[in-house]
Amino acid sequence: MLAAVLLFCLMDAGLKTLSAHYPAFQVSAIRGAASLPLVLVWALWTDGVANLFRVRWSLHLMRGVLGVMMMAGFVYSLRTLPLSTAYSIFFVAPLMITALSVPFLGERVGPRRWTAIAVGLVGVLVVLRPTGEGVLSLAGMAVLLAAFGYSVSAITVRIIARTDSTQALMVWLLFFMALGAGVLAAPQWVPIRGADAWVIAGIGVAGALGQYAITEAFRLGEASLIAPLEYTALVWGVLLDATLWGVLPDSVTWIGAAIIVASGLYLLRRERVHVEAEHP
(Lines give C-alpha, C1' and ligand atoms only; values in the text may rest on other atoms or scores of the structure.)
Protein backbone atom coordinates (compact mmCIF):
# COMPACT_ATOMS: atom_id res chain seq x y z
CA MET A 1 0.00 0.00 0.00
CA LEU A 2 2.82 2.42 0.82
CA ALA A 3 4.40 1.85 -2.61
CA ALA A 4 1.01 2.30 -4.28
CA VAL A 5 0.49 5.65 -2.53
CA LEU A 6 3.84 7.01 -3.71
CA LEU A 7 3.27 5.86 -7.29
CA PHE A 8 -0.22 7.34 -7.40
CA CYS A 9 1.07 10.65 -6.02
CA LEU A 10 3.56 10.84 -8.88
CA MET A 11 0.77 9.95 -11.31
CA ASP A 12 -1.50 12.62 -9.79
CA ALA A 13 1.20 15.24 -10.30
CA GLY A 14 1.14 14.33 -14.00
CA LEU A 15 -2.66 14.45 -14.07
CA LYS A 16 -2.62 17.90 -12.47
CA THR A 17 -0.20 19.06 -15.15
CA LEU A 18 -2.48 17.76 -17.92
CA SER A 19 -5.65 19.13 -16.29
CA ALA A 20 -4.55 22.66 -17.13
CA HIS A 21 -4.75 21.89 -20.87
CA TYR A 22 -7.38 19.16 -21.35
CA PRO A 23 -10.95 18.43 -20.12
CA ALA A 24 -11.35 16.14 -17.12
CA PHE A 25 -12.87 13.23 -19.07
CA GLN A 26 -10.06 13.41 -21.64
CA VAL A 27 -7.39 13.28 -18.93
CA SER A 28 -9.24 10.31 -17.39
CA ALA A 29 -9.22 8.53 -20.75
CA ILE A 30 -5.51 9.28 -21.16
CA ARG A 31 -4.82 7.85 -17.71
CA GLY A 32 -6.53 4.57 -18.57
CA ALA A 33 -5.11 4.30 -22.10
CA ALA A 34 -1.55 5.14 -21.03
CA SER A 35 -1.34 2.29 -18.51
CA LEU A 36 -3.43 -0.28 -20.38
CA PRO A 37 -0.75 -1.52 -22.85
CA LEU A 38 1.76 -2.14 -20.06
CA VAL A 39 -0.77 -3.92 -17.89
CA LEU A 40 -2.12 -5.96 -20.81
CA VAL A 41 1.33 -7.25 -21.79
CA TRP A 42 2.02 -8.23 -18.18
CA ALA A 43 -1.40 -9.90 -17.83
CA LEU A 44 -1.03 -11.95 -21.02
CA TRP A 45 2.51 -12.96 -20.05
CA THR A 46 1.62 -14.10 -16.53
CA ASP A 47 -1.99 -15.29 -16.80
CA GLY A 48 -2.84 -15.90 -20.44
CA VAL A 49 -5.87 -14.84 -22.46
CA ALA A 50 -8.51 -17.23 -21.12
CA ASN A 51 -8.54 -15.97 -17.53
CA LEU A 52 -9.08 -12.41 -18.68
CA PHE A 53 -12.48 -13.41 -20.05
CA ARG A 54 -13.60 -15.77 -17.29
CA VAL A 55 -14.80 -12.95 -15.07
CA ARG A 56 -17.95 -11.52 -13.53
CA TRP A 57 -18.68 -8.94 -16.18
CA SER A 58 -21.37 -7.03 -14.30
CA LEU A 59 -19.05 -6.27 -11.39
CA HIS A 60 -16.18 -5.30 -13.68
CA LEU A 61 -18.47 -2.98 -15.63
CA MET A 62 -19.68 -1.39 -12.39
CA ARG A 63 -16.10 -0.92 -11.27
CA GLY A 64 -15.29 0.68 -14.62
CA VAL A 65 -18.14 3.18 -14.20
CA LEU A 66 -16.90 3.96 -10.70
CA GLY A 67 -13.38 4.38 -12.06
CA VAL A 68 -14.50 6.95 -14.63
CA MET A 69 -16.47 8.84 -11.97
CA MET A 70 -13.57 8.77 -9.53
CA MET A 71 -10.90 9.83 -12.01
CA ALA A 72 -12.93 12.57 -13.71
CA GLY A 73 -13.96 14.07 -10.38
CA PHE A 74 -10.43 14.04 -9.04
CA VAL A 75 -8.89 15.46 -12.22
CA TYR A 76 -11.51 18.23 -12.28
CA SER A 77 -10.58 19.21 -8.72
CA LEU A 78 -6.87 19.32 -9.54
CA ARG A 79 -7.42 22.19 -11.98
CA THR A 80 -7.90 24.56 -9.02
CA LEU A 81 -6.88 22.72 -5.84
CA PRO A 82 -3.31 21.95 -4.70
CA LEU A 83 -2.53 18.26 -4.45
CA SER A 84 -2.24 18.48 -0.67
CA THR A 85 -5.70 20.08 -0.32
CA ALA A 86 -7.28 17.54 -2.67
CA TYR A 87 -5.64 14.71 -0.71
CA SER A 88 -6.85 16.15 2.59
CA ILE A 89 -10.44 16.02 1.34
CA PHE A 90 -9.93 12.64 -0.34
CA PHE A 91 -8.84 11.22 3.02
CA VAL A 92 -12.53 10.65 3.72
CA ALA A 93 -12.18 7.54 1.50
CA PRO A 94 -10.56 5.28 4.13
CA LEU A 95 -13.32 6.26 6.53
CA MET A 96 -15.91 5.37 3.89
CA ILE A 97 -14.17 2.05 3.21
CA THR A 98 -14.22 1.14 6.89
CA ALA A 99 -17.92 1.98 7.11
CA LEU A 100 -18.78 0.13 3.88
CA SER A 101 -16.81 -2.94 4.95
CA VAL A 102 -19.59 -3.73 7.45
CA PRO A 103 -22.57 -4.27 5.10
CA PHE A 104 -20.59 -5.48 2.07
CA LEU A 105 -17.75 -7.54 3.56
CA GLY A 106 -19.20 -8.53 6.92
CA GLU A 107 -16.30 -6.99 8.83
CA ARG A 108 -16.92 -5.92 12.43
CA VAL A 109 -16.62 -2.25 13.35
CA GLY A 110 -17.18 -1.45 17.03
CA PRO A 111 -18.50 1.77 18.60
CA ARG A 112 -15.02 3.22 19.11
CA ARG A 113 -14.20 2.86 15.44
CA TRP A 114 -17.54 4.39 14.46
CA THR A 115 -16.64 7.31 16.73
CA ALA A 116 -13.29 7.65 14.97
CA ILE A 117 -15.09 7.72 11.61
CA ALA A 118 -17.37 10.48 12.88
CA VAL A 119 -14.39 12.49 14.13
CA GLY A 120 -12.71 12.04 10.77
CA LEU A 121 -15.78 13.43 9.02
CA VAL A 122 -15.56 16.50 11.25
CA GLY A 123 -12.02 16.93 9.98
CA VAL A 124 -13.30 16.77 6.40
CA LEU A 125 -15.77 19.56 7.21
CA VAL A 126 -12.90 21.63 8.60
CA VAL A 127 -11.03 21.28 5.30
CA LEU A 128 -14.25 21.89 3.34
CA ARG A 129 -14.96 25.17 5.14
CA PRO A 130 -17.45 27.54 3.47
CA THR A 131 -14.66 29.91 2.42
CA GLY A 132 -11.76 29.30 0.07
CA GLU A 133 -11.91 25.63 -0.98
CA GLY A 134 -15.16 25.21 0.91
CA VAL A 135 -18.26 23.07 0.77
CA LEU A 136 -19.69 25.37 -1.88
CA SER A 137 -16.67 24.76 -4.12
CA LEU A 138 -17.33 22.51 -7.10
CA ALA A 139 -13.74 21.31 -6.87
CA GLY A 140 -14.22 20.27 -3.24
CA MET A 141 -17.43 18.42 -4.02
CA ALA A 142 -15.73 16.73 -6.97
CA VAL A 143 -13.11 15.30 -4.61
CA LEU A 144 -15.84 13.94 -2.34
CA LEU A 145 -17.50 12.29 -5.35
CA ALA A 146 -14.15 10.78 -6.33
CA ALA A 147 -13.61 9.52 -2.78
CA PHE A 148 -16.99 7.81 -2.76
CA GLY A 149 -16.32 6.14 -6.11
CA TYR A 150 -12.93 4.97 -4.91
CA SER A 151 -14.39 3.57 -1.69
CA VAL A 152 -17.06 1.52 -3.41
CA SER A 153 -14.51 0.34 -5.98
CA ALA A 154 -12.13 -0.80 -3.22
CA ILE A 155 -14.91 -2.82 -1.61
CA THR A 156 -15.79 -4.28 -5.00
CA VAL A 157 -12.19 -5.46 -5.42
CA ARG A 158 -12.51 -7.61 -2.31
CA ILE A 159 -15.66 -9.23 -3.73
CA ILE A 160 -14.41 -9.75 -7.30
CA ALA A 161 -11.01 -11.00 -6.12
CA ARG A 162 -12.66 -14.09 -4.63
CA THR A 163 -13.05 -15.48 -8.15
CA ASP A 164 -11.18 -13.28 -10.64
CA SER A 165 -7.43 -12.78 -11.06
CA THR A 166 -5.46 -9.66 -10.26
CA GLN A 167 -4.64 -9.39 -13.95
CA ALA A 168 -8.32 -9.29 -14.90
CA LEU A 169 -9.04 -6.71 -12.20
CA MET A 170 -6.39 -4.37 -13.58
CA VAL A 171 -6.99 -4.87 -17.30
CA TRP A 172 -10.75 -4.37 -17.25
CA LEU A 173 -10.64 -1.37 -14.93
CA LEU A 174 -8.24 0.44 -17.24
CA PHE A 175 -10.08 -0.71 -20.36
CA PHE A 176 -13.48 0.48 -19.18
CA MET A 177 -11.97 3.68 -17.83
CA ALA A 178 -10.28 4.50 -21.14
CA LEU A 179 -13.35 3.51 -23.17
CA GLY A 180 -15.98 5.18 -21.00
CA ALA A 181 -14.07 8.41 -20.37
CA GLY A 182 -13.00 8.50 -24.03
CA VAL A 183 -16.61 8.34 -25.24
CA LEU A 184 -17.64 11.09 -22.84
CA ALA A 185 -14.62 13.21 -23.82
CA ALA A 186 -15.06 12.80 -27.59
CA PRO A 187 -17.31 15.86 -28.20
CA GLN A 188 -14.75 18.21 -26.60
CA TRP A 189 -11.55 16.34 -27.40
CA VAL A 190 -8.46 18.58 -27.51
CA PRO A 191 -5.50 17.55 -29.72
CA ILE A 192 -2.67 16.24 -27.54
CA ARG A 193 0.44 18.39 -27.56
CA GLY A 194 3.77 16.75 -28.31
CA ALA A 195 5.30 18.42 -25.26
CA ASP A 196 2.97 16.39 -23.03
CA ALA A 197 4.12 13.00 -24.34
CA TRP A 198 6.64 12.49 -21.53
CA VAL A 199 4.01 13.36 -18.91
CA ILE A 200 1.60 10.84 -20.41
CA ALA A 201 4.32 8.17 -20.48
CA GLY A 202 5.09 8.82 -16.81
CA ILE A 203 1.39 8.59 -15.94
CA GLY A 204 1.22 5.27 -17.76
CA VAL A 205 4.17 3.71 -15.92
CA ALA A 206 3.32 5.07 -12.46
CA GLY A 207 -0.37 4.26 -12.91
CA ALA A 208 0.30 0.67 -14.01
CA LEU A 209 2.67 -0.07 -11.13
CA GLY A 210 0.45 1.72 -8.62
CA GLN A 211 -2.65 -0.12 -9.78
CA TYR A 212 -0.93 -3.46 -9.35
CA ALA A 213 0.29 -2.54 -5.87
CA ILE A 214 -3.08 -1.30 -4.63
CA THR A 215 -5.02 -4.19 -6.18
CA GLU A 216 -2.76 -6.65 -4.40
CA ALA A 217 -3.04 -4.67 -1.16
CA PHE A 218 -6.83 -4.90 -1.11
CA ARG A 219 -6.74 -8.51 -2.30
CA LEU A 220 -4.42 -9.69 0.48
CA GLY A 221 -5.24 -7.35 3.34
CA GLU A 222 -8.36 -6.46 5.28
CA ALA A 223 -9.85 -3.27 3.91
CA SER A 224 -10.30 -1.52 7.25
CA LEU A 225 -6.67 -2.34 8.20
CA ILE A 226 -4.72 -1.16 5.16
CA ALA A 227 -6.85 1.81 4.09
CA PRO A 228 -5.41 4.26 6.71
CA LEU A 229 -1.94 3.81 5.19
CA GLU A 230 -3.14 6.02 2.34
CA TYR A 231 -2.69 9.02 4.63
CA THR A 232 1.00 9.04 3.70
CA ALA A 233 -0.16 10.69 0.47
CA LEU A 234 -0.30 14.01 2.33
CA VAL A 235 3.47 13.98 2.81
CA TRP A 236 4.10 13.39 -0.88
CA GLY A 237 1.40 15.88 -1.86
CA VAL A 238 3.00 18.65 0.19
CA LEU A 239 6.45 17.89 -1.25
CA LEU A 240 5.15 17.87 -4.83
CA ASP A 241 3.13 21.06 -4.32
CA ALA A 242 6.12 22.88 -2.88
CA THR A 243 8.55 21.57 -5.49
CA LEU A 244 6.47 21.85 -8.67
CA TRP A 245 3.96 24.61 -7.97
CA GLY A 246 5.39 26.51 -5.03
CA VAL A 247 2.29 26.24 -2.83
CA LEU A 248 1.68 24.89 0.67
CA PRO A 249 -1.53 24.07 2.60
CA ASP A 250 -2.92 26.84 4.79
CA SER A 251 -3.31 26.44 8.56
CA VAL A 252 -6.99 25.40 8.45
CA THR A 253 -6.25 22.66 5.92
CA TRP A 254 -3.46 21.38 8.18
CA ILE A 255 -5.84 21.30 11.14
CA GLY A 256 -8.52 19.41 9.20
CA ALA A 257 -5.98 17.00 7.77
CA ALA A 258 -4.55 16.35 11.24
CA ILE A 259 -8.02 15.46 12.57
CA ILE A 260 -8.64 13.07 9.69
CA VAL A 261 -5.21 11.44 9.96
CA ALA A 262 -5.59 11.04 13.73
CA SER A 263 -8.93 9.30 13.28
CA GLY A 264 -7.43 7.03 10.64
CA LEU A 265 -4.51 6.09 12.83
CA TYR A 266 -6.91 5.33 15.65
CA LEU A 267 -8.88 3.06 13.31
CA LEU A 268 -5.66 1.26 12.48
CA ARG A 269 -4.82 0.82 16.15
CA ARG A 270 -8.32 -0.46 16.99
CA GLU A 271 -8.13 -2.93 14.10
CA ARG A 272 -4.86 -4.32 15.40
CA VAL A 273 -6.40 -4.74 18.87
CA HIS A 274 -9.39 -6.49 17.29
CA VAL A 275 -7.20 -8.88 15.27
CA GLU A 276 -5.01 -9.70 18.27
CA ALA A 277 -8.09 -10.41 20.39
CA GLU A 278 -9.46 -12.85 17.80
CA HIS A 279 -6.08 -14.52 17.19
CA PRO A 280 -4.17 -14.54 20.49
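Reckoned from all heavy atoms, side chains included, excluding hydrogens, waters and symmetry mates.
Neither L83 nor L7 shares a network with the other; the hydrophobic side chains, linked directly or stepwise wherever heavy atoms of I, L, V, M, F, W or Y lie under 4.5 Å apart, form separate groups for each. Residues L173 and F175 are members of separate hydrophobic clusters, defined by side-chain heavy-atom contacts under 4.5 angstrom among Ile, Leu, Val, Met, Phe, Trp and Tyr. The cluster map of Ile, Leu, Val, Met, Phe, Trp and Tyr, joined by side-chain heavy atoms under 4.5 Å apart, puts V252 and V124 in different clusters. Grouping the Ile, Leu, Val, Met, Phe, Trp and Tyr side chains by contacts below 4.5 angstrom, directly or via other members, places L78 with Y22. Cluster membership check: L179 shares its hydrophobic cluster with V39, using side-chain heavy-atom separations under 4.5 Å among Ile, Leu, Val, Met, Phe, Trp and Tyr.
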Notebook entry, point to check: Can V238 and W254 be said to form a side chain to side chain contact (heavy atoms under 4.5 Å, CB included), step by step?
Noted result: CA-CA 11 Å; V238 170; W254 278 115; 3.7 Å; yes
Next item on the list: Determine, stepwise, if the pair D12 / L240 fulfils side chain to side chain contact (heavy atoms under 4.5 Å, CB included).
Entry: CA-CA 10 Å; D12 290 340; L240 289 168; over 6 Å; no
Checklist line | Derivation and outcome, side chain to side chain contact (heavy atoms under 4.5 Å, CB included), residues L234 and S88 | finding: CA-CA 7 Å; L234 182 59; S88 296; 3.8 Å; yes
Next item on the list: Starting from the C-alpha separation in whole Å, work towards a yes-or-no answer on side chain to side chain contact (heavy atoms under 4.5 Å, CB included) for F148 and L144.
Entry: CA-CA 6 Å; F148 177 75; L144 285 179; over 6 Å; no
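Within the 3.5 Å criterion, the main-chain N or O of T85 finds no donor-acceptor partner in the side chain of T253. Between the side chain of W172 and the main chain of L52, a donor-acceptor pair closer than 3.5 Å is present. Side chain of W198 to backbone of A195: a donor-acceptor contact under 3.5 angstrom is found. Judged purely by atom type and a 3.5 angstrom limit, D241 has no side-chain atom pairing as donor or acceptor with the backbone of P82. Panel note: side chain Q26, backbone V190; a donor-acceptor pair is recorded below 3.5 Å. A donor-acceptor contact shorter than 3.5 Å is absent between the side chain of S263 and the backbone of I117.
Between C9 and W236, the shortest heavy-atom contact is SG-CB, 3.6 Å. Closest non-hydrogen pair, G73 versus A146, comes out as C-CB, 4.3 Å. Minimum interatomic distance between A242 and L248 (heavy atoms only, all atoms of both residues): CB-CD2, 3.9 Å. Here the closest non-hydrogen pair linking S35 and A208 is OG-N, 3.3 Å. Among all heavy-atom pairs drawn from A86 and V143, the shortest one is O-CG1, 3.4 Å. Minimum heavy-atom separation, V49 to F53: O-CD1, 3.4 Å.
Rounding to the nearest 0.5 angstrom, the gap separating the CH2 atom in W42 from the OG1 atom in T166 is 6.0 Å. With values rounded to the nearest 0.5 angstrom, L184 atom CG is found 5.0 Å from F25 atom CZ. Interatomic distance, M170 CE to L38 CG, rounded to the nearest 0.5 Å: 9.5 Å. From I159, atom CD1 reaches atom CD1 of I155 across 7.0 Å, with rounding to the nearest 0.5 Å. Considering CZ of F8 and CG of L15, their distance stands at 10.0 Å, rounded to 0.5 Å. To the nearest 0.5 angstrom, L209 atom CG is 10.5 Å from L6 atom CG.
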Indicate every side-chain donor-acceptor pair of residues 57-71 with a distance under 3.5 Å to a residue at least two apart or in another chain.
unit_1: H60; atom_1: NE2; unit_2: D164; atom_2: OD2; d: 2.8
unit_1: R63; atom_1: NE; unit_2: S153; atom_2: OG; d: 3.3
unit_1: R63; atom_1: NH1; unit_2: L169; atom_2: O; d: 2.9

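Under the rule for a side chain to side chain contact (heavy atoms under 4.5 Å, CB included), the partners of A142 that lie at least two apart in sequence or sit in another chain are Y76, S77.
V75 is not listed as a side-chain neighbour of R31, based on a closest heavy-atom distance of 4.5 Å or more. Here the side chains of W245 and T17 are in contact, with some heavy-atom distance below 4.5 Å. Inter-residue side-chain proximity for D196 and I30 is flagged as unmet; no heavy-atom pair is nearer than 4.5 Å.
Note: Y150 and F74 fail the aromatic proximity criterion, with ring centroids not under 6.0 Å apart.
For N51 and S165, the side-chain atoms include no donor-acceptor pair closer than 3.5 Å.
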